[in-house]
Amino acid sequence: MSNKMQIELTHIKIRDLYNGYEDTAENGVKGFGGKLDIRPQYQREFVYKEKQRNAVIDTVMKGFPLNVMYWVKREDGSFEVLDGQQRTISICQFVKGDFSVDYHYFHNLPDDKKTQILDYKLTVYQCTGSDSEKLEWFKTINIAGEKLTDQELRNAVYAGSWLSDAKRKFSKTGCVASSLGDKYVKGSPIRQELLETTLTWIFPTETDKEGNPHKSIESYMALHQHDEHATKLWSYFESVINWVKNTFPTYRKEMKGLEWGLFYNQFKETDLNPTALESEIKCLMEDDEVSKKSGIYAYILTRDERHLNLRAFTEKDKRTMFERQNGVCPSCSKTFEISEMEADHITPWSQGGKTDLANGQMLCCSCNRIKSDR
């Protein structure tokens, strides 16, 4: 690891952490004299249940050590919590008096107990370095508690004005992206999965500063980190969803979770007839030969039958056909062991052929390959 990467082990008293504590709902949660983003704008909201929250306070009151927390140091000298958000909010809420533990509020405790809590030292790693160094470090540390997603790790590294605006649109329950695309895109906004999906779709469509296509989400986020807004990202997502709705106006549950952005990137300029597509989709949905109904949309666009998981001959079918042929390949008239042969549709599925014994035969591997390549 580069010498530029600094990982400083510090001990922060709860009284210093709580100094300037402010929870402004959608505007985030701050502490540590206003220098720490405990929960940045539109990030994952508080999710600890009462039992977990109380366990944190009980640990502090007994003077036992909490797991290490991780803070990211920003360019302006402020910090953002990478790991430890739930523990930090639990502590601050208790000191503020938002809840009690065993019927004891902080303000009801004896002065010596209050002082003991306020002087409790949290173990915090403060991480400073280049974007790539921080990301590599965060991927290798043993994150305690609820494991952070890859996108949450990226958000910690590439925090800035662009990301704040992106989170506003993609990272909150009921956000505009969720409202528009919930039927088509899987994933939780507050766990950053909706944002990650959109970034996965858009990064191949743009180039970096050298004019080369982006190779990763990290490259795309690094380039846009200090942009004033993420309007282009939102416009792209909106275009994807509208394209899907216009191209496939009849909604089916199988449409949720498909790689719509990648389809949009490749086929947005193709002249597609929604009426004709719907007629074909309906037939494919009714076709018993098609095992993977969600693959119909990819097939419709690419014409690659592998998306359909077409019904295959069973091992029993193969044995029946092999014995019926006495092990002879009807194409080359040579005799083979069953392990040297493959099941084949005499009339392909694309021409109306079914997966039944009347339409089946065993070909040697070589002949089957030749037929498949035609």
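One N or O on the side chain of Gln225 and one on the backbone of Ala159 form a donor-acceptor pair closer than 3.5 Å. Listed for the Ser291 side chain is a donor-acceptor partner under 3.5 Å among the backbone atoms of Asn309. Judged purely by atom type and a 3.5 angstrom limit, Asn242 uses its side chain to pair as donor or acceptor with the backbone of Glu238. Under the 3.5 Å distance criterion, the side-chain polar atoms of Asn265 are matched with a main-chain donor or acceptor of Trp201. When atom types are taken as modelled, the side chain of Arg154 and the backbone of Met221 share no donor-acceptor pair closer than 3.5 angstrom. With Thr355 contributing its side chain and Arg311 its backbone, the two residues share a donor-acceptor pair below 3.5 Å. Not one N or O on the side chain of Asn326 forms a donor-acceptor pair closer than 3.5 Å with the backbone of Val328. Thr10 places a side-chain N or O within 3.5 Å of a backbone atom of Val124 that can act as its donor or acceptor partner. In this structure a side-chain-to-backbone donor-acceptor pair under 3.5 Å is present from Ser161 to Asp227. In this structure, Ser279 contributes its side chain and Ala276 its backbone to no donor-acceptor pair below 3.5 Å.
The environment of Asp271 atom CG is sparse: at most 12 non-hydrogen atoms of other residues, nucleotides or ligands sit within 6.0 angstrom. Around CG of Asp102, the count of heavy atoms belonging to other residues, nucleotides or ligands within 6.0 Å does not exceed 12. Heavy atoms from other residues, nucleotides or ligands lying under 6.0 Å from CG of Asn212 number more than 12. Counting heavy-atom neighbours within 6.0 Å of Tyr125 OH, excluding the residue itself, gives a total of 12 or less. The number of heavy atoms from other shown groups lying within 6.0 Å of NZ (Lys245) is above 12.
Put simply, the side chain of Thr198 does not reach to within 4.5 Å of the side chain of Val240, judged on heavy atoms. Residues Tyr251 and Lys256 are in side-chain contact: their nearest non-hydrogen atoms beyond the backbone lie under 4.5 Å apart. Residues His345 and Phe313 form a side-chain contact, since some pair of their non-hydrogen atoms from C-beta on lies under 4.5 Å apart. Within the 4.5 Å cutoff, side-chain heavy atoms of Met61 are placed close to those of Ile117. Annotation: side chain of Val81 is not in contact with side chain of Arg87 (no heavy-atom distance under 4.5 Å). With a 4.5 Å cut-off on side-chain heavy atoms, Asn19 and Arg15 do not count as touching. Between Ile91 and Leu122, the closest side-chain pair of non-hydrogen atoms falls below 4.5 Å. The closest side-chain heavy-atom distance from Leu66 to Lys121 is not below 4.5 Å.
Pairing each heavy atom of Leu357 with each of Met321, the nearest pair is CD2-CG, 3.8 Å. Among all heavy-atom pairs drawn from Trp234 and Ala177, the shortest one is CZ3-CA, 3.6 Å. The two residues Ser331 and Leu363 have their closest heavy-atom pair at CB-CD2, 4.1 Å. For the pair Tyr299 and Leu308, the tightest heavy-atom approach, listed with the atom from each and the gap, is CB-CD2, 3.7 Å. Across every non-hydrogen atom of Asp287 and Lys293, the tightest pair is O-NZ, 2.8 Å. A pairwise comparison of heavy atoms in Lys268 and Trp243 identifies CA-NE1, 3.8 Å as the closest pair.
Remark: Lys96 fails to qualify as a cation-pi partner of Tyr21 under the 6.0 Å distance and 45° angle criteria applied to the six-membered ring. Geometrically, Arg168 does not engage Phe170 in a cation-pi contact defined by less than 6.0 Å to the ring centre and at most 45° from the axis.
One side chain, Asp317 or Thr314, offers a donor N or O that lies under 3.5 Å from an acceptor on the other. Judged purely by distance below 3.5 Å, without hydrogens or angles, the side chains of Gln151 and Asn155 pair a donor atom with an acceptor atom.
Ring geometry for His214 against His224 counts as tilted: the plane angle lies between 30° and 60°, on a 0 to 90° scale. Relative ring orientation between Trp260 and Tyr297 is described as perpendicular, the plane-to-plane angle rising above 60° on a 0-90° scale split at 30° and 60°. Ring planes of Trp71 and Phe32: perpendicular class, angle over 60° (limits at 30 and 60°). Using the six-membered ring where Trp is involved, Tyr105 and His107 have ring planes that are parallel, under 30° apart on the 30 and 60° scheme.
With rounding to the nearest 0.5 Å, the separation of CG in Leu9 from CD in Gln126 is 9.5 Å. For the atom pair CD of Glu80 and CZ of Arg74, the computed distance is 4.5 Å after rounding to the nearest 0.5 Å. The distance from the CG atom of Asp344 to the CD atom of Gln361 is 4.5 Å, given to the nearest 0.5 Å. To the nearest 0.5 Å, atoms NZ (Lys215) and CG (Asp208) are separated by 8.5 Å. We find the NZ-OG distance between Lys30 and Ser78 to be 7.5 Å, quoted to the nearest 0.5 Å. The structure places CG of Leu118 at 10.5 Å from CG of Leu17, a figure rounded to the nearest 0.5 Å.
In terms of hydrophobic clustering, with Ile, Leu, Val, Met, Phe, Trp and Tyr side chains grouped at heavy-atom distances under 4.5 Å, Ile370 and Met341 are assigned to different clusters. Residue Ile281 is grouped with residue Leu284 when hydrophobic side chains (ILVMFWY) are merged at heavy-atom distances under 4.5 angstrom, including chains of intermediate members. Residue Phe336 is not grouped with residue Ile346 when hydrophobic side chains (ILVMFWY) are merged at heavy-atom distances under 4.5 angstrom, including chains of intermediate members. Leu301 and Val185 fall within the same hydrophobic cluster, defined by Ile, Leu, Val, Met, Phe, Trp and Tyr side-chain heavy atoms under 4.5 Å apart, directly or through other members.
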Salt bridge (charged side-chain N to carboxylate O under 4.0 Å, His left out) for Glu286 and Lys282? Distances and angles first, verdict last.
CA-CA 6 Å; Glu286 297 171 358; Lys282 184 172 175 56; 3.4 Å; yes
Between Leu199 and Leu195, is the side-chain contact (heavy atoms from CB on, under 4.5 Å) condition met? List the steps.
CA-CA 6 Å; Leu199 288 170; Leu195 174 60; 3.9 Å; yes
Verdict with reasoning, Phe203 to Ser219, per side-chain contact (heavy atoms from CB on, under 4.5 Å)
CA-CA 8 Å; Phe203 84 75; Ser219 171; over 6 Å; no
Steps toward side-chain contact (heavy atoms from CB on, under 4.5 Å) verdict (Leu194, Phe237):
CA-CA 10 Å; Leu194 184 54; Phe237 181 80; 4.3 Å; yes
Would Cys364 and Cys332 count as a side-chain contact (heavy atoms from CB on, under 4.5 Å) here? Give the steps.
CA-CA 8 Å; Cys364 70; Cys332 65; 3.9 Å; yes
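Note on Arg369 versus Glu342: no salt bridge recorded, every NZ/NE/NH1/NH2 to OD/OE distance being 4.0 Å or above. Checked for salt-bridge contact, Arg191 and Glu152 meet the test: a charged N lies under 4.0 Å from a carboxylate O. In summary, Glu323 and Arg319 engage in a salt bridge, as defined by a charged side-chain N under 4.0 Å from a carboxylate O. Under a 4.0 Å N-O distance rule, the pair Glu8/Lys73 does not qualify as a salt bridge.
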